[in-house]
Amino acid sequence: MVHEGLKKVLDGVAAAARAAGRAPEAVTLIAVSKTFEPPEIMPVIEAGQRVFGENRVQEAKAKWPALRMRWPDIELHLIGPLQSNKAAEAVELFDAIHTVDRPKIAEAIGKEMRKQAKVLKLFVQVNTGREPQKAGIDPGEADRFLKDCRDTHGLEISGLMCIPPAEEDPRPHFALLAEIASRNGLAQLSMGMSGDYAQAVASGATHVRVGSALFGSRG
Ligand SMILES: *Cc1c(COP(=O)(O)O)cnc(C)c1O
């Protein structure tokens with residue numbers, strides 16, 4: 001079965017990868033299903049998509065256990081901010097967390113992964129635009145935080161994530177994220193949304209998080 005929105009985004013990601021001399025398979029599409037309900041999500045699953053992103057633990061908990069019962073090979077990524085009192089639920093529910101951004105959260109996730117004997121794929125969120133209202137570690141503190149995640153909290157970090165400031169050219173932010181990842185030996189970059197995933201792929205994104213371009217506007 002074909003889903004038009006999914007097809008359009010997959011084609012766009014593949015074209016951007018080829019234009020950058022990269023293999024389309026090097027980029028994972030995370031279909032961001034926040035605010036959408038199972039009747040809108042199921043056609044995307046039936047069209048073959050298996051990786052989904054949600055930004056709230058409670059919303060994911062209400063929607064995904066039933067869908068995963070039916071499609072056990074689905075991979076669920078938390079892409080929104082996490083409170084430490086939700087760490088247990090987040091570790092139970094998700095396969096990946098993109099928003100590790102402070103010691104308290106790193107500690108809580110580490111503790112829960114050991115307790116539940118479950119290993120999640122982890123990304124550290126970097127506030128590349130140094131926006132006061134936005135989550136993420138300051139770019140100047142990223143190296144030290146990454147070291148702390150490993151040495152103090154026993155976490156293996158797979159890569160970095162950013163959300164560039166809305167009104168700016170995202171490319172310098174993608175480049176900064178890639179530079180921090182490279183000097184820390186991290187291979188994965190979670191960057192690019194509906195409006196800028198092609199530029200993100202050109203800058204080396206391994207994970208793009210696309211919602212509205214795939215599902216339609218969130219109203
Ligand atoms: C909502 C969201 C997205 C997807 O945004 P679209 O513009 O709808 O593609 C990506 N990343 C994060 C962190 C989000 O919260």
Side-chain angles (χ1 to χ4, degrees), residues 3-16 27-37 40-41 43-44 47 49-64 75-83 86 90 93-102 105 109 120-137 157-171 173-174 176-178 181 188-219:
H3 182 282
E4 285 307 324
L6 176 64
K7 182 176 178 336
K8 185 183 71 180
V9 173
L10 283 174
D11 288 351
V13 169
V27 186
T28 299
L29 170 64
I30 301 172
V32 177
S33 49
K34 65 186 185 198
T35 77
F36 293 101
E37 295 297 325
E40 293 151 306
I41 298 171
V44 178
Q49 177 67 19
R50 286 297 179 273
V51 185
F52 288 85
E54 289 282 344
N55 70 333
R56 303 170 72 128
V57 175
Q58 290 315 306
E59 183 183 343
K61 203 176 163 186
K63 275 159 41 178
W64 282 98
E75 201 180 294
L76 201 55
H77 292 232
L78 177 64
I79 60 169
L82 178 61
Q83 304 303 320
K86 295 266 168 64
L93 194 57
F94 290 93
D95 303 293
I97 297 176
H98 291 237
T99 49
V100 182
D101 69 346
R102 56 193 192 278
I105 278 298
I109 291 171
L120 278 72
K121 186 194 230 345
L122 301 174
F123 294 78
V124 163
Q125 182 176 355
V126 182
N127 187 357
T128 57
R130 295 192 155 102
E131 296 172 278
Q133 83 286 6
K134 201 168 265 177
I137 191 96
I157 302 294
S158 296
L160 302 180
M161 178 271 218
C162 76
I163 309 171
E167 306 303 328
E168 283 181 34
D169 181 350
R171 286 170 297 186
H173 297 275
F174 296 155
L176 174 59
L177 198 71
Q188 319 257 298
L189 292 170
S190 166
M191 56 191 197
M193 312 183 3
S194 287
D196 56 16
Y197 68 80
Q199 286 121 305
V201 169
S203 302
T206 59
H207 295 71
V208 293
R209 312 177 307 267
V210 180
S212 47
L214 196 164
F215 285 101
S217 110
R218 280 184 295 272

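Counting convention: from 1, in listed order, for ligands and their atoms alike. In this chain, numbering begins with 1 at the start of the sequence shown.
- For atom 13 (C) of ligand 1, the nearest non-hydrogen atom of the protein is Ile79 O, 3.3 Å.
- Nearest protein neighbour of atom 6 (P) of ligand 1, counting heavy atoms only, is Ser194 OG, 3.4 Å.
- Atom NE2 of His173 sits about 5.0 Å away from atom OG1 of Thr128, to the nearest 0.5 Å.
- Ring pair Phe36/Phe215 is parallel by interplanar angle, where below 30° counts as parallel and above 60° as perpendicular.
- With respect to atom 5 (O) of ligand 1, the closest heavy atom belonging to the protein is Met193 CE, 3.6 Å.
- Checked against a 3.5 angstrom limit, the closest N/O atoms of Met161 and ligand 1 fall outside it.
- Contact annotation: for Ile163 versus ligand 1, heavy atoms closer than 4.0 Å belong to the side chain alone.
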Assess the residue pair Glu54 and Lys63 against the criterion (salt bridge (Lys or Arg N to Asp or Glu O under 4.0 Å)); give the C-alpha distance rounded to whole Å, side-chain angles, the decisive distance to 0.1 Å, and a yes or no. CA-CA 10 Å; Glu54 289 282 344; Lys63 275 159 41 178; 2.9 Å; yes

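- The single protein non-hydrogen atom nearest to atom 14 (C) of ligand 1 is Lys34 NZ, 3.0 Å, given as residue, atom name and distance.
- One N or O on the side chain of Asp196 and one on the backbone of Met193 form a donor-acceptor pair closer than 3.5 Å.
- In this structure, His207 and His98 have perpendicular ring planes: the angle between them is above 60°, well past the 30° mark.
- Applying the side-chain contact (heavy atoms from CB on, under 4.5 Å) test between Ile97 and each of Ile79, Ile105, Leu120 identifies Leu120 as the sole match.
- Remark: among candidates Gln125, Arg218, Arg209, the nearest residue to atom 11 (N) of ligand 1 is Arg209, based on non-hydrogen atoms.
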